[in-house]
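Data block below; observations after.
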Amino acid sequence: MTILVTGGAGYIGSHTVVQLLDAGHEVLVLDNLCNSKATVIDRIEKIAGKRPHFIQGDVRDRALLQELFAKFAITAVIHFAGLKSVAECSVKPLLYYDNNVSGSIVLAEEMARANIYTLVFSSSATVYGEPVFLPYTEAHPLKPINVYGQSKLMVEQILQDLAASNSAWRIALLRYFNPVGAHASGHIGEDPSGIPNNLMPFLAQVAVGKREYLSIFGDDYETVDGTGVRDYIHVDDLASGHLAALTYLDQHAGVVTVNLGTGKGTSVLELVSAFERASGKAIARQIVGRRPGDLPEYYAQADYAKRVLGWQAKHDVDRMCTDSWRWQSQNPNGFN
Ligand code: NAD
Ligand code: UDP
């Protein structure tokens with residue numbers, strides 16, 4: 001019984017693979033390494049004491065999927081493979097739709113051909129768009145404000161239609177909030193290429209001396225201290241949400257759509273303070289203008305996940321910062 005993890009060499013995927021191996025599953029990672037490094041597989045083995053199978057390849061490669069489904073006794077698929085840059089998606093919309101939407105279609109087609117009907121899909125809180133109310137519940141209107149969010153919503157809708165067409169499907173649509181942190185070993189973590197777009201990796205690079213200062217994108221929002229508020233969730237909590245979803249799908253057919261967040265909002269300044277405490281470093285910062293397209297504030301209603309999956313996030317923001325700092329300080333150049 002093997003679980004196929006597409007994008008399993010990436011940030012969230014690698015942490016999930018560790019937990020799957022720890023839980024006794026066989027794991028096959030399919031990743032084209034467009035945003036990750038092959039060495040992550042060695043690190044996973046170092047942590048878990050077991051090595052996942054690894055195939056470098058693209059999820060849109062139909063022939064390769066057919067070969068893998070014939071060779072391995074795959075019972076379920078966790079589909080992380082996708083592109084996620086909000087900055088890049090508006091410049092390269094076709095690349096994003098092809099990778100995220102076409103990739104998911106090819107995968108689902110080949111799963112059905114191979115009689116594999118259990119699928120966990122990486123969706124995102126970006127499917128909600130401008131908050132009509134907060135916290136976002138799963139019933140909040142869906143109106144993404146960028147191509148990336150559109151691509152996630154399209155896949156959600158395609159998978160809903162697919163499940164309506166054939167009751168064999170068991171699908172979990174997991175809407176992630178802001179994953180941060182790293183495995184407690186310090187061996188794996190987030191390793192963005194180039195200048196990080198996201199707050200936590202940027203902060204960590206300032207603390208380790210790779211960047212001079214953090215630019216804070218606006219302090220005049222109507223939030224607790226004027227800076228942007230997000231629902232940060234420890235990547236290991238997010239990973240355990242996938243195992244909970246697989247357990248749920250063992251018992252339930254159809255589609256389940258669940259927020260994976262903590263339910264708690266944290267401002268940029270609050271996260272900076274937590275990181276200073278965790279690292280013992282002062283973080284140089286400058287307030288600059290708002291980043292175009294940024295929402296002031298959002299966070300999850302996390303109750304549904306607790307009710308249906310029996311899952312809730314355990315780690316607080318201090319732990320997220322401690323683990324991010326351990327990863328960053330032990331690996332100042334990431335996986336390089
Ligand atoms: P990541 O870039 O670290 O991991 C994605 C992995 O998929 C990478 O290893 C990449 O090489 C691989 N990949 C991309 N396209 C592929 C393709 N066509 N074929 C095979 N492999 C491919 O990103 P992540 O943060 O781990 O995110 C995983 C998933 O979760 C993505 O689908 C992302 O959109 C979604 N998500 C991420 C966040 C976040 O803030 N990190 C939030 C919500 C949702
Ligand atoms: N942010 C910031 N400086 C940075 C990166 C992000 O002030 O260098 C802010 C951003 O405006 C938002 C919050 O930090 O309010 C989280 O941003 P991130 O890009 O990590 O997540 P997203 O906006 O995609 O939820």
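Start at 1 and go down the list; that is how both ligands and their atoms are numbered.
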Gly103 touching ligand 1 at heavy-atom level, < 4.0 angstrom: no

Heavy atom of Arg175, distance to ligand 1 below 4.0 Å: no

Atoms of ligand 1, numbered as shown, that sit under 4.0 Å from any heavy atom of Lys152: 31 (C), 32 (O), 33 (C), 34 (O)

Ser123: numbered ligand 1 atoms lying under 4.0 Å from its heavy atoms: 43 (C), 44 (C)

Glu156 versus Ser123, side-chain donor and acceptor atoms under 3.5 Å: yes

Whether Asn178 lies under 4.0 Å from ligand 1, heavy atom: no

Proximity of Phe121 and His242 rings by center, below 6.0 Å: no

Ligand 1 versus Asn99: contacting region, heavy-atom distance under 4.0 Å: side chain

Closest to atom 31 (C) of ligand 1 (judged by heavy-atom distance), picking from Phe80, Tyr176, Phe121, Tyr96: Phe80

Cys34: numbered ligand 1 atoms lying under 4.0 Å from its heavy atoms: 10 (C), 11 (O), 13 (N), 14 (C), 15 (N)

Lys84: numbered ligand 1 atoms lying under 4.0 Å from its heavy atoms: 2 (O), 23 (O), 24 (P), 25 (O), 34 (O), 41 (N)

Shell of residues surrounding ligand 2, defined by a 4.0 angstrom heavy-atom cut-off that is strict: Asn178, Asn197, Asn198, Leu199, Leu214, Ser215, Ile216, Phe217, Gly228, Arg230, Tyr232, Val268, Arg291, Asp294, Tyr298

Ligand 1 contact on Glu190 by region, counting heavy-atom pairs under 4.0 Å: neither

Listed partners of Lys37 passing salt bridge (Lys or Arg N to Asp or Glu O under 4.0 Å), at least two apart: Asp191

Per-atom contacts of ligand 1 with Ser122, taking only distances under 4.0 Å to non-hydrogen atoms: 29 (C), 30 (O), 32 (O), 35 (C)

Contact atoms of ligand 1, heavy-atom distance to Tyr148 under 4.0 Å: 33 (C), 34 (O), 35 (C), 36 (N), 37 (C), 43 (C), 44 (C)

Residue Leu33 vicinity, atoms of ligand 1 by number, heavy atom under 4.0 Å: 11 (O)

Close approach of Gly57 to ligand 1, heavy atoms, under 4.0 angstrom: yes

Polar side chain donor-acceptor pair, Arg175 to Tyr128, under 3.5 angstrom: yes

